[in-house]
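Comments concern the structure below.
Chain letters run A, B, ... following the sequence lines, proteins first and then strands; every chain starts at 1. In this text the structure is predicted, and so the values were computed from the model without any measurement.
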Amino acid sequence: MKIYNTLSGRKEDFAPRNDTVKMYVCGVTPYAPSHLGHAMSYIIFDTIRSYLEFRGYKVKYIQNFTDIDDKIIARANESGIPTHDLAQGFIEQYFANMDTLNIKRATIYPRATEEIPKMIEVIEGLIQKGHAYEVGGDVYFRVQSDPDYGKLSHRTLDGMMAGARVEIGEAKEHPLDFALWKAAKPGEPQWHSPWGPGRPGWHIECSAMSLKYLGETLDIHGGGQDLTFPHHENEIAQSESFTGVKPFVRHWLHNGLLQLGEEKMSKSTGKLITISEALSKYSPDALRLWVLSSHYRSPMTYSDENLAATEKGVERLRNTNNLDIKESAATAIDSQTYRERFIEAMDDDFGTPQAIAALFDLAREINRGNDEGLHIGEALNTFRELTGVLGLKLSDVTISPPVAEAFVEGLPAEVVIESWVKEREELRKAKQWNRADDVRDRFKQWDLTLEDTSQETILRYKGRIWRRYKKP
RNA sequence: GGCGACGUAGCCAAGUGGUAAGGCGGGGGUCUGCAAAACCCCUAUUCAGCGGUUCGAAUCCGCUCGUCGCCUCCA
């Protein structure tokens, strides 16, 4: 397998140190509902994790929650809800979103507020080694003590100082020194520390948690491209300075960012579409397939037109997925070449677009085989296995169309519908086509379409199969 | 200003030296009472523009135009 590494800027051979892959992905700061950009990132890393497992690795996957920070404090103060409760509410929402998107839970979800002792231990070590210093209850990392600082984001201290936006001042030795520990301000949540009451800075949590749960060297560390600098750069500086072990991370992975119109989707700008909103319009499968239809390092732009198009594509995969396997003595179709294409694509830096292309081709092969009466069982199993690696469920009845709550002359429409299907079938047998079509027209009021096969009548709502009625 | 990414058909999107995957849409056809679903065929002589290297470039180099990201909280 080859994986692109942000640190080296090129694809490198992937081989974990042992059969368990140590994987860390930066999680969210739970102060607002998660948006589609988060969904994109976590769908991507879930798929990477899933593929590694498919390839026979065990994966220990750690994802943090930054459950204390400036914005959480600000929101808590506005709403009068304690920071812990505020964060807890959004964490629960986050899990609900992730579950709906069929994103497998991480092995452990450590929270910043529960890992303070480990952070203090790391900060103390950094001070002892001369990599950090305390000023008035704050502790800062001394960037000039790390000759490698800037290696991940490919910049230099001089280059960054040339930028116009560096603020000079405060008590820092160097403008780019960053906070490891922040002295408490009145009314803020605080924890005891050797430097007085305060709270951790943003970057230190990830160093502390990864060290605690995965050790000194991680195989994979992931996150959005917007985390490359300063967050991940600072993590490297802290971790390598503390442990003296390099590399801290063997493969740095960064996903491209989601755009909404002209701008990045971002909580702080308010330009966003929440995951819940998106899920009210599109199926989880469509959202996953949409995200995975472009390479994970490329940016994407949100578009209703494209998501609607993806929904149609999902429908084709779903129709194939839900074919009945009939026992057949006929020749079986061979799915091996499609499986190989899938693996070849995914082995090359997780080439999901080509992998998906192989799955669409396999779907066509299966449908064709099904039409020709060939044995499709094995190929269908391969199809289900590989779509499953991408986290697609492709199941039938997970929707509740308006008809489910409708009434016909006082009776629930669902009850009436079955009799209509029977009525229409009898009219068709009698070749009374006009009257049969009149019955079919009744379904239009709920956007239901009918599909006749030799054995059953299928009712679809917006392309999705909703009910199947066996023909007598 | 510094660093980086990108610009491929109506839309989305692969392809990084050997002659353009896949999806959506569109057109035609098969099947069907008609549909639906499925299947078959067609839909970029061309890869932002201009030069250059090469037997050969969407792929390498240079310049121009355009879009976006990071440099500040951010997946």
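For the residue pair Ser153(A) and Thr228(A), no side-chain donor N or O sits within less than 3.5 Å of a side-chain acceptor on the partner. A donor-acceptor contact closer than 3.5 angstrom links the side chains of His231(A) and Glu235(A).
Nucleotides U59(B) and A20(B) place their C1' atoms 11 Å apart, quoted to the nearest Å. Using atom C1' as the reference point in both G56(B) and U19(B), the two lie 9 Å apart (nearest Å). Distance noted for atom C1' between U16(B) and C11(B): 24 Å (whole Å). Between A21(B) and U45(B), the two P atoms lie 14 Å apart (nearest whole Å). Spacing between A9(B) and A5(B) at atom P, rounded to whole Å, works out to 22 Å. Here the separation of C39(B) from G17(B), taken at their P atoms, is 34 Å to the nearest Å. As rounded to the nearest Å, U53(B) and G29(B) have C1' atoms that lie 48 Å from one another. The gap from the C1' atom of A13(B) to that of U8(B) amounts to 9 Å, rounded to the nearest Å.
Taking the side chain of Pro353(A) as heavy atoms from C-beta on, and the options G69(B), C71(B), A13(B), the nearest nucleotide is A13(B). Comparing C39(B), C71(B), C11(B) by their closest approach to the side chain of Phe229(A) singles out C71(B). For Leu258(A), the listed nucleotide lying nearest its side chain is A75(B); candidates were C73(B), A75(B), A38(B). Between G23(B), C73(B), A35(B), one nucleotide has an atom nearer to the side chain of Asp452(A) than all others, and that is A35(B). Proximity note for Ser298(A) (side chain, C-beta onward) versus A14(B), C68(B), G23(B): the nearest is A14(B). Checking C34(B), G23(B), C11(B) against the side-chain heavy atoms of Phe360(A) singles out G23(B) as nearest. Set against C73(B), A37(B), G33(B), the side chain of Arg460(A) has A37(B) as its closest nucleotide.
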Could you provide the dot-bracket string of RNA chain B, using ( ) for intrastrand pairs, [ ] for crossing pairs and | for bases paired to another strand, with Watson-Crick or G-U pairs below 3.5 Å? ((((((((.[[[..)..(...]]]((((((.......))))))....[[[[[..)....]]]]])))))))....
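The stretch residues 39-48 of chain A comes close to RNA chain B through Ser41(A), Tyr42(A), each having a heavy atom under 4.0 Å from the strand. Residues of residues 363-379 of chain A that place a heavy atom closer than 4.0 Å to RNA chain B, in numerical order, are Arg364(A), Asn367(A), Arg368(A), Asp371(A).
The phosphate of G23(B) (OP1 or OP2) has no side-chain N or O of Lys312(A) nearer than 4.0 angstrom. The phosphate of G15(B) (OP1 or OP2) has a side-chain N or O of Gln354(A) nearer than 4.0 angstrom. The phosphate of C11(B) (OP1 or OP2) has no side-chain N or O of Asn306(A) nearer than 4.0 angstrom.
A stacking contact links Trp433(A) to G33(B): the aromatic ring centre lies within less than 5.5 Å of the base's six-membered ring centre, and the planes differ by less than 30°.
Atoms CZ (Arg316(A)) and C1' (G25(B)) sit 13 Å apart, rounded to a whole Å. Regarding Tyr4(A), its OH atom lies at a distance of 15 Å from the P atom of U16(B), rounded to whole Å. What separates CG of Asp361(A) from P of C39(B) is a distance of 11 Å, to the nearest Å. Between His295(A) atom NE2 and A5(B) atom P the separation is 14 Å, expressed in whole Å. Computed from coordinates, the Glu451(A) CD to C34(B) P distance equals 16 Å when rounded to whole Å. Protein atom CD of Gln455(A) is 15 Å distant from nucleotide atom C1' of A38(B), rounded to whole Å. Distance, Asn255(A) CG to G4(B) P: 21 Å, rounded to whole Å. Going from atom CG of Leu359(A) over to atom C1' of A13(B) covers 15 Å, rounded to whole Å.
No side-chain heavy atom of Gln63(A) sits less than 4.5 Å from a side-chain heavy atom of Ile108(A). When side chains are defined from C-beta on, Leu7(A) does not count as touching His232(A), because their heavy atoms never get closer than 4.5 Å.
From Ile48(A), atom CD1 reaches atom CG of Asn255(A) across 8.5 Å, with rounding to the nearest 0.5 Å.
Taking both residues in full, the closest heavy atoms of Leu86(A) and Ser79(A) are given as CD1-OG, 4.1 Å, listed atom of the first, atom of the second, then distance. The shortest heavy-atom contact between Gly224(A) and Ser41(A) is N-OG, 4.2 Å.
Applying the 3.5 Å distance criterion, the base of C73(B) shares a donor-acceptor pair with the side chain of Lys71(A). Taking only distance into account, the side chain of Arg428(A) meets the base of G33(B) through a donor-acceptor pair shorter than 3.5 Å.
Counting only distance, with no hydrogens or angles, the side chain of Thr156(A) and the backbone of Gly159(A) share a donor-acceptor pair below 3.5 Å.
Between Tyr109(A) and Phe65(A), the angle of the ring planes stays under 30°, which puts this pair in the parallel group of the 30/60° scheme.
Relative to the ring axis of Phe229(A), Arg155(A) places its NZ or CZ within 45° and under 6.0 Å from the centre.
In this structure, the ring of Tyr94(A) has its center less than 6.0 angstrom from the ring center of Tyr42(A). Aromatic rings from Tyr51(A) and Phe54(A) are positioned such that their centres are separated by under 6.0 Å. No close placement of the Trp290(A) and Tyr282(A) rings is indicated, their centers lying 6.0 Å or farther apart.
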Stepwise side chain to side chain donor-acceptor pair (under 3.5 Å) check, His254(A) with Thr6(A): CA-CA 7 Å; His254(A) 291 97; Thr6(A) 307; 2.7 Å; yes
